[in-house]
K.L.:
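Dropping a structure here in structure tokens format, bear with me for questions.
Any value given below was found using the heavy atoms of this structure, including those in side chains, with hydrogens, waters and symmetry copies removed.
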Amino acid sequence: MRLDQYLSNGTELSRKEAKKVVSAGRVKVDGETCRQANRQVEAKQSVQFDGNPVNPPGDIYLMMHKPAGVLSATTDSSQPTALDLLPRGLASRVHIAGRLDKDTTGLLLLTSDGQWSHAVTSPRRECRKSYRVWLAEAISEQACRALEKGVMLNGETTETRPAEVRVHNNQLIDLTISEGRYHQVKRMLAAVGNRVAALHRFRIGSIELDDKLAPGEFRTLTSQEVRSVTE
């Protein structure tokens with residue numbers, strides 16, 4: 001691995017910043033100052049930045065409390081994205097596993113592990129996702145039963161898989177689905193004659209949004225949370 005990449009992986013430095021600190025003589029490899037950012041470094045070698053050891057971590061697994069108005073995208077020239085909420089060195093290493101609409105809040109998973117994110121998003125895995133749904137109109141028992149059975153979405157030819165519905169009151173429900181069709185929750189409610197006023201995802205599989213995280217904050221997943229996706 002190139003030295004600048006090694007530094008970017010193991011610190012919050014971007015690749016550009018890593019090249020600058022190497023050129024400035026702030027990095028040592030096996031105890032000797034190295035000024036070549038393209039030098040190949042092996043895992044068994046010792047790397048120090050400003051006297052502190054640098055050990056690239058393994059794969060990264062994060063949960064974020066996504067605020068409204070933030071895109072689930074890698075980059076956007078005009079609007080803030082979820083990755084903008086991470087330190088630059090960290091943001092460059094992860095991707096989003098299961099996106100949310102711009103106006104939807106709640107649990108967002110980010111990782112550097114492609115196989116793990118595939119387990120979250122693959123239709124074959126039927127990873128369950130739970131949403132708290134604030135409704136524009138009162139929902140009827142008949143509409144709830146239709147959601148639990150499966151509904152036909154506008155423009156599609158197959159019904160949705162059966163959902164789970166928990167009613168808090170006639171304008172607030174929890175909806176659990178095992179698919180990820182485009183704007184699915186909003187379209188499901190439209191199919192039963194209602195409209196989503198606000199939407200918040202609070203669970204993916206058995207991973208629940210940490211209630212200690214304020215909107216825009218994130219934390220590393222526990223080993224148990226990581227394993228739960230593939231068990």
Side-chain angles (χ1 to χ4, degrees), residues 1-2 4-15 17-18 41-43 47 49 52-76 80-102 104-132 174 176-181 184-185 199-231:
M1 181 184 297
R2 285 173 53 113
D4 55 352
Q5 182 181 354
Y6 188 104
L7 286 168
S8 179
N9 288 354
T11 68
E12 295 185 358
L13 296 172
S14 66
R15 285 285 289 272
E17 291 168 336
V41 181
E42 298 179 8
V47 177
F49 168 45
N52 299 310
V54 179
N55 298 304
D59 281 313
I60 299 168
Y61 306 90
L62 306 172
M63 74 161 61
M64 175 184 287
H65 185 167
K66 187 187 97 62
V70 171
L71 296 178
S72 294
T74 303
T75 58
D76 190 276
T81 73
L83 293 187
D84 291 333
L85 301 175
L86 300 175
R88 280 180 296 173
L90 185 57
S92 65
R93 298 189 60 202
V94 298
H95 60 271
I96 297 166
R99 298 172 182 270
L100 289 174
D101 298 340
K102 179 181 177 179
T104 301
T105 63
L107 178 59
L108 198 64
L109 299 179
L110 305 101
T111 184
S112 59
D113 185 342
Q115 290 186 331
W116 189 84
S117 63
H118 180 72
V120 173
T121 59
S122 172
R124 293 183 179 181
R125 297 299 298 267
E126 298 187 17
C127 184
R128 301 169 70 78
K129 302 167 184 69
S130 297
Y131 298 81
R132 186 142 296 162
D174 288 347
T176 299
I177 61 176
S178 57
E179 298 175 283
R181 304 192 198 189
Q184 181 168 342
V185 173
L199 191 60
H200 177 84
R201 184 165 67 192
F202 62 89
R203 185 186 299 117
I204 297 175
S206 61
I207 301 174
E208 293 198 35
L209 179 62
D210 192 329
D211 59 11
K212 297 183 179 65
L213 292 179
E217 293 184 340
F218 66 94
R219 71 160 171 82
T220 301
L221 295 182
T222 66
S223 57
Q224 182 178 353
E225 288 170 332
V226 173
R227 290 195 306 270
S228 72
V229 170
T230 53
E231 287 178 342

K.L.:
Taking S8 for its side chain and Q5 for its backbone only, find out whether a donor-acceptor pair lies under 3.5 Å.
P.N.:
no
K.L.:
Roughly how far apart are L109 CG and I204 CD1, rounded to 0.5 Å?
P.N.:
4.0 Å
K.L.:
If you compare all heavy atoms of L83 against all heavy atoms of A73, which two are closest, and at what distance to 0.1 Å?
P.N.:
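Closest heavy-atom pair between L83 and A73: CG-O, 4.0 Å.
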K.L.:
So does L107 get a backbone contact from the side chain of R201, meaning a donor-acceptor N/O pair under 3.5 Å?
P.N.:
yes
K.L.:
Atom CE of M1 and atom CG of L7: how far apart are they, to the nearest 0.5 Å?
P.N.:
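Nearest 0.5 Å value for the CE-CG distance: 10.5 Å.
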K.L.:
Backbone N or O of R99 within a donor-acceptor pair of the K66 side chain at under 3.5 Å?
P.N.:
no
K.L.:
Is any side-chain heavy atom of C127 less than 4.5 Å from a side-chain heavy atom of V229?
P.N.:
no
K.L.:
Evaluate the side-chain proximity of H95 to S117: yes if any heavy-atom separation is below 4.5 Å, no if none is.
P.N.:
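Yes, close enough: below the 4.5 Å cut-off.
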K.L.:
I need the minimum non-hydrogen distance between G69 and P80, along with the two atoms involved.
P.N.:
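Closest pair (atom of G69, atom of P80, distance): O-CG, 3.7 Å.
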K.L.:
Using the side-chain contact (heavy atoms from CB on, under 4.5 Å) rule, take L110 and L86 through it: C-alpha gap first, then chi angles, then the decisive distance, then the call.
P.N.:
CA-CA 10 Å; L110 305 101; L86 300 175; 4.2 Å; yes
K.L.:
With rounding to the nearest 0.5 angstrom, report the CE to CG distance, M64 to L85.
P.N.:
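Answer for the CE-CG pair, M64 versus L85, is 4.5 Å.
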K.L.:
For V226, which residues count as a side chain to side chain contact (heavy atoms under 4.5 Å, CB included) partner, sequence neighbours excluded?
P.N.:
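Once residues adjacent in sequence are excluded, the partners of V226 under the side chain to side chain contact (heavy atoms under 4.5 Å, CB included) criterion are Y61, W116, L221.
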K.L.:
So, taking the atom named CG in L100 and the one named CG in L71, what distance separates them when rounded to the nearest 0.5 Å?
P.N.:
11.5 Å
K.L.:
Does a donor on one side chain and an acceptor on the other come within less than 3.5 Å for S130 and R203?
P.N.:
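Per modelled atom types, S130 and R203 side chains form a pair under 3.5 Å.
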K.L.:
Can you find a heavy atom in the side chain of R219 that is under 4.5 Å from one in the side chain of H65?
P.N.:
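Not in contact.
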K.L.:
When rounded to the nearest 0.5 angstrom, what distance separates NZ in K102 from OG1 in T104?
P.N.:
12.0 Å
K.L.:
Using every non-hydrogen atom in the two residues, find where T121 and A97 come nearest and quote the distance to one decimal.
P.N.:
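So the two residues come closest at CG2-C, 3.9 Å.
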K.L.:
Quick check: does any side chain N or O of T111 sit under 3.5 Å from a backbone N or O of I60, one acting as donor and the other as acceptor?
P.N.:
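Checked: pair present.
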K.L.:
To the closest 0.5 Å, what do you measure between OG1 (T105) and CG (L199)?
P.N.:
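Answer rounded to 0.5 Å: 7.5 Å.
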K.L.:
Would a distance-only check, ignoring hydrogens and angles, find a side-chain to backbone donor-acceptor pair under 3.5 Å from S122 to A119?
P.N.:
no
K.L.:
Answer whether the closest heavy-atom distance between the side chains of F218 and L108 falls below 4.5 Å.
P.N.:
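No, side chains not in contact.
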